[in-house]
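First up is the structure itself, then whatever we jot down about it.
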Amino acid sequence: MMGALIVGGDHVAPYRSFLEQRGFAAVRHWNGRRHSECHRRIPGDTELILVLVDQVNHGLARKVRRLAGEMGVPVLFSRRSRGQLDDALAIHGLGACPGVEGRS
C-alpha cells in the first residue's frame, strides 16, 4: 500500500483524490499551522510527500525535505496547481493514471 503525505494547505480534498486516483491508498495531511507539526514523524509507509509551497512555513518545508531525504522519499514542491502536480508526478514516474484526463 503506497502512502502519501500532503504538507500545507487547508482544503486538500482535490489533491487527496488526485493522489488516490494514482494509487496512493493512504493520503495523510498536515496543514502546517500548528507548531507541533514540526515535531511529527513521517509515517513509514510514505512513498511521496507533496509540499504546497504557498501554504507552508519555510521551517517545516526544510524539515520535511531533510527527513524525506533520510528516508529516500521523493518530495514534490508545488503551488496549488493540479497541472503542476501532474507534471511533477510524471517526472518521478508516478503520474500514470489511465482514464483520467484534463487539468485544472
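This chain uses plain numbering: 1 for the first residue, then up along the sequence. Hydrogens, waters and symmetry mates play no part in the numbers below; they use all other heavy atoms, side chains included.
- By the 4.5 Å heavy-atom criterion applied to side chains, V73 and I42 are not counted as neighbours.
- A distance of 13.0 Å separates CD of E70 from CZ of R65, quoted to the nearest 0.5 Å.
- V75 places none of its side-chain heavy atoms less than 4.5 Å from the side chain of V7.
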How far apart are the C-alpha atoms of D45 and R28, what are their side-chain angles, what is the distance that settles it, and do they pass the side chain to side chain contact (heavy atoms under 4.5 Å, CB included) test?
-> CA-CA 11 Å; D45 67 343; R28 297 171 186 88; 3.0 Å; yes
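- To the nearest 0.5 angstrom, F18 atom CZ is 10.0 Å from F24 atom CZ.
- Atom CE of M71 is separated from atom OG1 of T46 by 5.5 Å, given to the nearest 0.5 angstrom.
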Side chain to side chain contact (heavy atoms under 4.5 Å, CB included) between S78 and V51, worked out | CA-CA 6 Å; S78 177; V51 178; over 6 Å; no
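- Side-chain contact between V27 and I6: present, with at least one pair of heavy atoms (C-beta onward) separated by less than 4.5 Å.
- Pairing each heavy atom of L52 with each of G9, the nearest pair is CD1-CA, 4.3 Å.
- L19 CG to E47 CD: the interatomic distance, rounded to the nearest 0.5 Å, is 12.5 Å.
- Between E20 and R16 there is no salt bridge, since none of the side-chain N atoms of the basic residue sits less than 4.0 Å from a carboxylate O of the acidic one.
- Distance CG/L67 to CZ/R62: 13.0 Å, rounded to 0.5 Å.
- Side-chain contact between L76 and I49 is absent, with no heavy-atom pair separated by less than 4.5 Å.
- Remark: the backbone N or O of G8 is paired with a side-chain donor or acceptor of H29 at under 3.5 angstrom.
- One distance of note links CZ of R40 with CG of L60; it measures 10.0 Å at 0.5 Å rounding.
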